[in-house]
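Down below is the structure, laid out as structure tokens.
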Amino acid sequence: MNLTNSKQLFQHAQQIIPGGVNSPVRAFKNVGGTPPFIRHAKGAYLFDEDGNQYIDYVNSWGPMILGHAYEPVIAAIREKVSGSSSFGAPTALENKMADLIIGMVPHIEMIRMVNSGTEACMSAIRLARGYTGKNKFIKFEGCYHGHADMFLVNAGSGVATLHIQQVPGVPEAVAQDTLTAPYNNLTKVEELVAAYPDEMAAIIVEPVAGNMGCVLPNNGFLKGLRKICDDHHILLIFDEVMTGFRLAQGGAQELFGIKADLVTFGKIIGGGMPVGAFAGPKEIMEHIAPAGKVYQAGTLSGNPIAMTAGYALLKALHDNPGIYTRLEEKATYLEKGLKEAIGSEGILNQVNRCGSMMSVFFTEYPVTDFVSSSGANNELFKNFFHGMLDQGIYLPPSSFESWFISDALTTEDLDKTINASKIAAEKAKS
Ligand SMILES: *Cc1c(COP(=O)(O)O)cnc(C)c1O
């Protein structure tokens with residue numbers, strides 16, 4: 001059997017891997033068709049098993065902020081890997097990584113490395129509960145904090161894409177401590193806190209949401225959450241798995257000038273390797289085992305190859321702060337171009353953007369929460385998505401995902417994308 005093209009590979013994959021993929025959104029369920037199987041990537045471009053080349057706006061869902069196969073990361077991994085790929089013992093590299101991150105991100109004094117964003121968020125909630133002695137927490141509709149049981153309530157990303165209302169396998173007893181409010185709705189948060197005055201351990205939020213498409217916090221929303229938390233001895237957790245090291249070196253805390261009590265990381269932090277982390281002030285973090293009693297562990301946590309990749313990428317971001325200005329310029333250029341090109345076809349659209357995160361919504365109304373995001377025209381999105389893919393532009397295959405702009409994109413790439421969007425929009429109408 002010669003499984004060389006994506007179609008054949010996907011057919012075989014569906015026989016041996018549930019849905020043919022190891023993470024749901026990759027299966028193209030929302031947009032239909034066959035996902036290209038990727039062979040390799042370099043800079044701004046993906047190359048699939050069928051010989052096609054794409055301009056990449058997924059960038060591994062964030063980590064490839066400087067483009068694929070970024071030379072300093074690749075070189076560092078090559079050099080390190082010959083000294084063994086894991087020890088399960090402390091290394092100097094972990095200190096180096098922790099020092100670098102604590103120097104880049106405001107308000108954190110200690111950090112614990114884990115292996116994914118999911119692990120980071122579930123551990124942060126456990127810590128918040130252990131530290132405050134309270135059980136309930138608030139999350140926002142359409143936000144995604146990984147696939148741990150307690151987060152799969154009104155969750156965004158793949159859960160929203162697949163229209164799963166209630167996830168089988170999540171016990172009600174677990175879900176009942178997860179309270180949800182619409183994004184950008186402080187009144188609802190205040191009501192929930194008032195309803196459970198002594199039970200709220202934490203509020204966890206994507207400071208810029210990326211899992212219901214890109215949705216920005218309204219002026220005063222994050223500040224309002226900070227105040228509610230201060231008034232009620234609740235920990236404010238910024239889930240910066242997407243926004244960390246992307247919106248600024250210090251993430252959303254730096255960009256908006258708001259202090260979180262705990263911060264979670266993933267995606268960029270591993271430079272493309274499976275890494276997550278949670279961090280905060282010493283006073284809270286020292287409750288984590290073995291310093292404290294809140295247990296958390298990982299056989300491969302702080303893995304030397306993963307730390308090497310993450311360190312090389314973060315160091316590049318640290319040493320070249322101009323990258324963020326460049327990303328902003330590229331993203332602004334793209335935002336403006338897309339709005340005009342799609343609009344010129346008479347299609348009403350909203351482009352939400354913060355730094356190098358953005359989403360196009362086919363709707364005339366502002367998108368500020370999950371309900372308004374869900375109200376956008378998904379038929380148009382599907383057609384537009386395939387129109388772009390056919391022209392070699394690789395977008396996230398769901399309108400509940402953010403696009404990620406990388407610094408590898410050239411003006412030529414952006415112009416190509418804008419021109420393609422006009423053609424895709426024209427086709428999408430019919
Ligand atoms: C991707 C993501 C997660 C989950 O991270 P994984 O590494 O996929 O487990 C959590 N929170 C946010 C905001 C994310 O975007």
Side-chain angles (χ1 to χ4, degrees), residues 21-27 57-65 112-126 128 137-162 167 178 180 183 202-217 222 236-247 251-253 255 260 262-279 296 298 300-301 303 306 309-310 313 354-359 370 373 396-404:
V21 291
N22 282 311
S23 195
V25 77
R26 298 177 198 170
Y57 288 97
V58 176
N59 283 297
S60 189
W61 306 97
M64 302 303 160
I65 186 167
R112 168 63 60 86
M113 306 305 303
V114 295
N115 305 290
S116 68
T118 296
E119 259 190 81
C121 294
M122 66 178 228
S123 305
I125 290 288
R126 183 181 304 142
F137 72 94
I138 297 174
K139 74 175 282 289
F140 295 91
E141 291 160 17
C143 283
Y144 181 70
H145 306 292
H147 67 88
D149 285 352
M150 63 198 162
F151 295 126
L152 295 181
V153 180
N154 293 332
S157 190
V159 189
T161 300
L162 296 172
V167 180
T178 306
T180 63
Y183 199 77
I203 297 176
I204 186 167
V205 65
E206 290 181 61
V208 171
N211 287 294
M212 47 180 144
C214 179
V215 174
L216 279 66
L222 298 174
L236 180 60
I237 305 174
F238 272 11
D239 179 351
E240 299 231 38
V241 171
M242 266 186 194
T243 54
F245 311 105
R246 174 164 289 279
L247 299 183
Q253 286 196 100
L255 184 69
L262 289 173
V263 193
T264 61
F265 297 108
K267 301 192 166 106
I268 290 178
I269 202 173
M273 302 294 268
V275 180
F278 59 105
Q296 191 283 323
L300 295 177
S301 295
N303 172 273
L313 183 59
C354 184
S356 56
M357 290 168 66
M358 64 185 272
S359 290
F370 185 66
S373 168
S398 164
S399 57
F400 292 129
E401 301 287 354
S402 173
W403 306 15
F404 295 104

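Order of appearance sets the numbers: ligands from 1, and atoms from 1 within every ligand. If you're wondering where the values come from, they're calculated on a predicted model, not measured in any experiment.
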Taking atom types as modelled, find out whether Arg112 and Gln296 have a side-chain donor-acceptor pair closer than 3.5 angstrom. yes
Ignoring hydrogens, what is the shortest heavy-atom contact between Pro207 and Tyr183? Give both atom names and the distance. O-OH, 3.1 Å
With heavy-atom distances below 4.5 Å as the criterion, would you say the side chains of Trp403 and Met357 are in contact? no
Starting from atom 6 (P) of ligand 1, locate the nearest protein heavy atom and write down its residue, its atom name and how far away it is, to 0.1 Å. Gly117 N, 3.4 Å
Under 4.0 Å from atom 8 (O) of ligand 1, is there any protein heavy atom? no
Which pair of non-hydrogen atoms, one from Val114 and one from Ala120, has the smallest distance, and what is that distance? CG2-N, 3.6 Å
Side chain, backbone, both or neither: the part of Thr118 lying under 4.0 Å from ligand 1 by heavy atom: both
Is there at least one pair of N or O atoms, one from Lys267 and one from ligand 1, spaced under 3.5 Å apart? yes
Any heavy atom of Thr264 under 4.0 Å from ligand 1? The part involved is neither
Please report which non-hydrogen protein atom sits nearest to atom 11 (N) of ligand 1, along with the residue it belongs to and the distance in Å to one decimal place. Asp239 OD2, 2.6 Å
Would you mind writing out the side-chain donor-acceptor pairs for residues 137-145 within the sub-3.5 Å range, not counting sequence neighbours?
unit_1: Lys139; atom_1: NZ; unit_2: Cys143; atom_2: O; d: 3.2
unit_1: Lys139; atom_1: NZ; unit_2: Val153; atom_2: O; d: 2.9
unit_1: Lys139; atom_1: NZ; unit_2: Asn154; atom_2: O; d: 3.1
unit_1: His145; atom_1: ND1; unit_2: Asp239; atom_2: OD2; d: 2.7

One finds that the ligand 1 atoms under 4.0 Å from a non-hydrogen atom of Glu206 are 13 (C)
Within the 4.0 Å heavy-atom shell around Ser116, which atoms of ligand 1 are there? 7 (O), 9 (O)
Which of the ligand 1 atoms, numbered from 1, are nearer than 4.0 Å to a heavy atom of Met242: 15 (O)
Just so I know, are the side chains of Trp61 and Pro396 near enough to count as touching, which here means a heavy-atom distance under 4.5 Å? yes
Minimum side-chain heavy-atom gap Asn211-Met242 below 4.5 Å: yes
Contact (N/O only, under 3.5 Å) between His145 and ligand 1: no
